[in-house]
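Taking it in order: structure first as structure tokens, then the write-up.
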Amino acid sequence: MNGSLVGSYVVPVHPHPLLVPEQNEGWSRLRAAFDEARDAIKESGADLLIIYSTTWPSIIGHQIQADPNPQWTLVDQDFHDLGSMEYSFNIDAEFAEAWNEANHNRGLQSRTVAYHGFPIDVGSVVALKLLNPDNSIPAVIVSSNVYANRSETTVLAKACLDVIKGTGRKAVAVTAMSMSNRMFTEFIDPSEDRIHSLKDDEWNRKVLEFLEEGRLEDVAQLSRTIHQQIRVQKVVTFKPMWWLSAMNDNRNNLTGRVLAYEALHGAGGAVIQLNPTSSGKGDKEYDEDDVEYYKGERNVLDGGGDSIEIEAPSSSSTGPALWEPPEGKGAVNSDAAPKPVGMYPHARQVGDLLYLSGVGPRQPGTNAIPGGPIRDDEGNPIEYDIKAQTRAVVENIARILEEAGSSMDKIVDVTSFLVDMDRDFAGYNEVWAETLGHYGPTRTTLAIRALPTPIAVEMKVIAKI
Amino acid sequence: MAKGSIVAGCLAPHPPHLVYAENPPQNEPTSEGGWEQLRWGYERLRESLSKIDHDVLVLLSPHWQTYVGTHFLGIPHFEGLSVDPVFPNLFRYSYDMNIDVELSKAIHDKAKDSGLAVKMMENPDFRVDYGTITTGHMVNPAFDKPLVVISSNRSTHYYSVEVMQEMMMELGRVTREAIEESGKKAVILASNSLSHRHFTTESEVPEDMSKEHIASHAMHLWDMRIIDYMRTGQAQRILDEMPEFTEQAIAESDGGGLTWLLSTLSVPDYPAILHGYGTIIGTGNAIVEWPCHANKGDAQ
Ligand SMILES: [Fe+2]
């Protein structure tokens, strides 16, 4: 099946355009922009609306709404005097469950929620009531995790794309978010509404300029800076742009259009349309890691402990058991290198020569495979990145050498094993040239049928000490 | 009319886990218990409050978050279903509570006179936040005393802890004055935990106590330091260290509740009673009572 994202929208979260557009000209222009977006979504033939909402924070991973018909009357915590928002939505519970599972497959914490009376957040309610008033398009809503970093948020989008593609859906992605989110901290007359400060306004306009040029990934990469500059700290971050950009394959050449930009009690509210059609402009200056699997927290706090450790990555469940490396005569073992898959040391010293056991890309500690494993738990081949794997092998070699008192420049000879010479030689060779090639060891590269773990490359090294 | 007074001030945190663990009839999910240290702490607090005559509970909850001013529930009666948006698996609670609108309005008016941005919440469809309900339940599960419910202004994040403290000291002062003028006896409840770094995973059985511990050693040290100040009558030092504490322990005191509480008690220099301390998915929670009925001199 051939599903895809047919459009993306950014919409504001405050209830004014829904409840009282007539009280301020800017609010009514936002309302008109919502209406325009609603019509464009309908015309696009979309059969799924996906809302990522910054006004739904979560702590335990991400939550996905899975009640097929949630109903309630929402009153905003701040703007309760503007009226009540009665809702009854059409949620695609099946898609929600599939997304949840796809999240788990990619290493994310995630759960669906389907409880009567669950408080759907204001951003989602405003977006769904205005963009999909007749409920003709089924929707899903995902929370914004307060602790999620870029990799977690990126992987969340990739899991969503897995399901869109797998089910052949024509989806529209919506982020419910403010631009600058600083509001006036006093009550104001509707006629007095304006962006809280000139600085916020200038930053907003810069972000809108980027988006109008279709440079979504650039905005995503600037997201931390934008957050620092024009966002109330802690409340929510500018992370929806990470999600939205990943939903669009991290592209910078979308076709963008700002349908409206106005103040909402001082915050920046914009309705923006991003179309997947290429604008013809250059694509990326993409420099951050493109993450496929979420490897969990880095345990930066000193507590550590069971409950914040993630499960071992899926790659290990297909592989052999791990051993503590034995401490024989001349053996060199390193905690900074991955555990062996049999009873052998990481290296052994004989005279002034150091013989390393075959080194793969597995990460010490987590046992994760950079660039992804070459097959899934069922043994089906999956996409992986040979360059990332090769780089990880070289890094592991460097760690073992360092532990033994040797170094990269002392490597004498390398034997490399590839499981797919046709596919991988070029990528492997490229990384070699950037790394080990500089030190000039002799090299032999062999194609072999398999390696004991789901990896594509392994190297056998002899070095001087 | 006799002069009203604050008869006790309490730090009374609101993790929905505690309600879940008690299996009260109002809550839908059922549990096998858990977090007993804290629940026994609440038992001791309830026991203690049952011996003090009081008319009203005045509560500030960090989960009614308002960015534009400080708000007060302004309708006599609220009932409905509260589902925790973060832990809906644990907390789906049918609430039914009465509001002392007269006292709410009196505090509101005084706060307005002193220059704070304030608003009465008078929309009958409004859903009371789960922080208020959880603290309300743990202190008085029968909900047979009226409440005053005050929102948490987000000034810490808009400005700084210093600005928040300035506002909350003022709000605390006018709260005390309004109570005194009302002729009522009030218990003050600040509904917040201390250190506030959560785990980001939940165990299979949420009440599995073998998985529960503080998120990090640094968080523990901060919690113990603040509790020590409470137990030794050094409230001023808590206020002095509030910026560092709030930042480094990511403490829920960012919502202003603790500062407001200490201000209503005129920054107590007498020891508080620690009824209990425990962690909830890694966050530090203390149940603390300042028995000001026994320290009339200080509270007046
Ligand atoms: Fe809380």
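Labels below follow one simple rule: chain letters A, B, ... track the order of the sequence lines, proteins then strands, and each chain is numbered from 1.
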Yes or no on side-chain contact (heavy atoms from CB on, under 4.5 Å) for A:Asp78 and B:His71, after CA distance, side-chain angles and deciding distance? CA-CA 8 Å; A:Asp78 259 296; B:His71 300 217; 3.6 Å; yes

What's the shortest heavy-atom distance between B:Thr200 and A:Tyr147, and which atoms? CG2-CD1, 3.4 Å

Largest heavy-atom contact set with chain B, pairs under 4.5 Å, which of A:Glu86, A:His116, A:Arg182, A:Arg111: A:Arg111

Which label fits B:Phe126 and A:His80: parallel for a plane angle under 30°, tilted from 30 to 60°, or perpendicular past 60°? perpendicular

How far apart are the C-alpha atoms of B:Leu81 and A:Tyr115, what are their side-chain angles, what is the distance that settles it, and do they pass the side-chain contact (heavy atoms from CB on, under 4.5 Å) test? CA-CA 11 Å; B:Leu81 174 68; A:Tyr115 301 106; over 6 Å; no

Kindly say whether A:Met183 contributes a backbone atom to a donor-acceptor pair with the side chain of B:Tyr158 at under 3.5 angstrom? yes

In sequence, state the C-alpha distance, the side-chain angles, and the governing distance for B:Tyr67 and A:Asn181, and then conclude on side-chain contact (heavy atoms from CB on, under 4.5 Å). CA-CA 10 Å; B:Tyr67 300 87; A:Asn181 67 354; over 6 Å; no

Are there residues of residues 13-20 of chain B that reach to under 4.5 Å of chain A by heavy atoms, and which ones? none

Report yes if some heavy atom in the side chain of B:Val68 is under 4.5 Å from a heavy atom in the side chain of A:Phe184; otherwise report no. no

Please rank B:Ala117, B:Ser82, B:Gly80 by heavy-atom pairs under 4.5 Å with chain A and give me the top one. B:Ala117

Please answer whether the main-chain N or O of B:Ser151 pairs with a side-chain N or O of A:Gln77 as donor and acceptor at a distance below 3.5 Å. no

Any side-chain heavy atom of B:Ser155 within less than 4.5 Å of one from A:Thr185? no

